[in-house]
Number of protein chains: 2
Amino acid sequence: MLELLNKVNIQVKEGICLKDPSSSELGNKIFSEGVRMIDEIGMEAFTFKKLADAIGSTEASIYRYFENKHKFLLYLTSWYWSWTEYRMVFRMANIESCEERLERAIALLTNPAENDLAFGNVDQEALHRIVISESGKSFMTKDVDEDNRIGAYVAYKQCVSRVSELILELNPNYKYPHMLVSTVIEGAHHQRYFAEHLPRLTDVVKGEDSVGEFYRAMVFNTIQAK
Amino acid sequence: MLELLNKVNIQVKEGICLKDPSSSELGNKIFSEGVRMIDEIGMEAFTFKKLADAIGSTEASIYRYFENKHKFLLYLTSWYWSWTEYRMVFRMANIESCEERLERAIALLTNPAENDLAFGNVDQEALHRIVISESGKSFMTKDVDEDNRIGAYVAYKQCVSRVSELILELNPNYKYPHMLVSTVIEGAHHQRYFAEHLPRLTDVVKGEDSVGEFYRAMVFNTIQAK
DNA sequence: CAAATATAATAGTATTACTATCATTTTGGT
DNA sequence: ACCAAAATGATAGTAATACTATTATATTTG
């Protein structure tokens with residue numbers, strides 16, 4: 001089983017990058033060191049210059065993979081959502097109960113990611129932190145519509161769509177499944193961030209899975225199916 | 001009544017700006033034209049240079065009011081939340097039923113703002129759009145903790161706290177009132193944004209108050225009090 | 001009316017986000 | 001093993017941004 005999973009390659013919609021970073025050593029370094037660096041210093045302070053220095057390459061070389069740092073962020077979030085969809089499908093496989101599948105999906109979306117060496121040498125926990133604190137900036141921009149056109153958000157939409165279908169299976173009359181799911185996803189990110197920086201906006205207790213418990217109850221109470 | 005309300009001055013925590021913009025004509029111009037401009041071109045493209053040109057002043061003069069454009073955004077969001085708290089208190093005044101007060105608070109938080117000339121000549125609808133699309137950037141930054149220290153988010157926290165209290169009044173055993181309220185606020189902003197740009201992440205129907213209805217039902221079902 | 005304060009005009013700097021050019025290395029096909 | 005093509009490195013340059021500094025001119029206030 002481990003053999004089989006060894007090196008699953010997450011494909012990101014082409015068009016986001018100029019050249020597929022998973023196709024070369026330099027590309028992989030850009031990806032993994034980029035994640036490390038953005039997690040450390042944040043998107044604002046992050047530059048291709050700093051990244052180039054860190055991996056012993058040059059600005060110009062990185063620009064051959066990504067048009068600019070915004071596209072790089074789109075690539076990271078897109079990779080994250082493809083990876084998350086993969087994990088979601090995996091965790092729901094062979095589970096009969098629809099309720100149980102929904103529970104598992106919510107748990108996946110509301111809990112911190114855990115590193116899985118099967119997916120390259122990217123620090124997925126760090127990537128999750130980046131998604132929490134920077135992904136809003138990937139779509140809250142004047143380029144949303146263009147970025148949407150090139151498919152930068154398909155993986156995200158697909159995750160939302162999958163969970164929405166579970167909800168409709170449990171309650172075919174529920175009117176707002178997509179709203180509910182996107183509320184859970186974005187909400188969970190915010191709560192984790194608030195817990196760290198603005199605790200008065202949340203009720204997260206250290207050591208408890210408050211976020212997961214809160215959103216699980218919220219979803220089931222809202223769709224009135226449990 | 002209109003007389004009485006004529007010119008209510010919203011006070012923003014000092015320390016966010018170097019000099020209170022409501023204290024001078026130039027300051028007021030910076031505020032109102034800044035809102036107009038950010039709504040039009042977005043925070044990324046917005047610069048003090050462009051703003052200065054638009055109001056026939058200079059970069060240096062604006063820098064005497066605000067350290068940088070991030071502080072300016074903090075000022076705008078802070079003003080917005082003070083204004084919103086004011087409206088919230090007003091709308092709940094003299095309403096006996098706690099449920100009704102909560103309903104009204106949710107409606108206020110989930111619906112678009114309407115211009116009210118009593119509060120200076122700022123375009124409040126535009127400011128609301130700015131809060132929707134840019135306010136995430138006001139706290140998703142490496143400076144959060146410092147900005148929090150100087151009180152940049154007190155007005156926001158106060159709004160959350162007020163609504164949380166209503167929830168606790170309806171259900172004193174509910175464990176996550178702050179989570180629920182911040183989820184509603186941030187969620188409503190996201191849904192409005194998605195409706196415009198990423199419709200597959202929401203279920204908003206033009207002409208209907210889907211956002212308000214969704215969050216109203218979500219809150220009452222979640223706290224199990226109606 | 002003098003003194004203090006606010007604003008305008010102008011100039012300058014470091015950094016950023018790129019683009020361009022050319023040299024060198026690596027790789028893949030025969 | 002060798003050549004052509006592709007990838008990368010080295011270096012330089014540009015326009016815009018986010019400021020800071022200085023001095024001059026209004027404007028307000030006591």
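In what follows, chains carry the letters A, B, and so on, assigned in the order in which the sequence lines appear, proteins first and then strands, with residues in each chain numbered from 1.
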Considering just the side-chain nitrogens and oxygens of Lys69(A), establish if one lies under 4.0 Å of OP1 or OP2 belonging to dA17(C).
-> yes

Mind calculating the distance between CG (Leu51(A)) and P (dT8(D)) to the nearest angstrom?
-> 14 Å

Flag for Tyr65(A)-Ser24(A): side-chain donor and acceptor within less than 3.5 Å | yes

Just checking, is any N or O donor in the side chain of Gln191(B) or Ser182(A) under 3.5 Å from an acceptor N or O on the other one?
-> yes

Here the distance between atom C1' of dT26(C) and atom CD of Glu25(A), to the nearest Å, is 12 Å

Please evaluate the base of dC18(C) for a donor-acceptor partner in the side chain of Glu67(A) within a cut-off of under 3.5 Å?
-> no

Quickly work out the Leu26(A) CG to dA6(D) P distance and round it to whole Å.
-> 18 Å

To the nearest Å, give me how far apart CD (Glu59(B)) and C1' (dT7(C)) are.
-> 15 Å

Check every strand shown and say whether Ser61(A) touches a base, only sugar-phosphate, or nothing at a heavy-atom separation below 4.0 Å.
-> base

Assign Lys19(A) to base, sugar-phosphate, or nothing according to its heavy-atom contacts below 4.0 angstrom with the strands shown.
-> sugar-phosphate

Tell me: CG of Leu18(B) to P of dC19(D), nearest whole Å?
-> 12 Å

Check the side chains of Glu213(A) and Tyr176(B) for a donor-acceptor pair under 3.5 angstrom, ignoring hydrogens and angles.
-> yes

Measure the distance from NZ on Lys71(A) to P on dC18(C) and round it to the nearest whole Å.
-> 10 Å

Just checking Phe48(A): base, sugar-phosphate only, or nothing, at a heavy-atom cut-off of under 4.0 Å?
-> nothing

Return the value, rounded to whole Å, for the distance between atom NZ of Lys50(A) and atom C1' of dA14(C).
-> 13 Å

Are Ser57(B) and dT7(C) close enough that a side-chain N or O sits under 4.0 Å from OP1 or OP2?
-> no

For residues Asn148(B) and Lys157(B), is any side-chain donor paired with an opposing acceptor at under 3.5 Å?
-> yes

Kindly point out which of dT16(C), dT10(C), dC18(C) is positioned nearest to the side chain of Thr47(A)?
-> dT16(C)

Would you say a side-chain N or O of Tyr65(B) is under 4.0 Å from OP1 or OP2 of dT7(C)?
-> yes

dA9(C) phosphate, OP1 or OP2: any side-chain N/O from Thr58(B) under 4.0 angstrom?
-> no

Which whole-number value in Å describes the distance from Arg64(B) CZ to dT25(D) C1'?
-> 12 Å

With distance as the sole test, does Lys69(A) use its side chain to make a donor-acceptor pair with the main-chain N or O of Met43(A) at under 3.5 Å?
-> yes

Any Ser24(B) side-chain N or O less than 4.0 Å from OP1/OP2 of dT27(D) = no

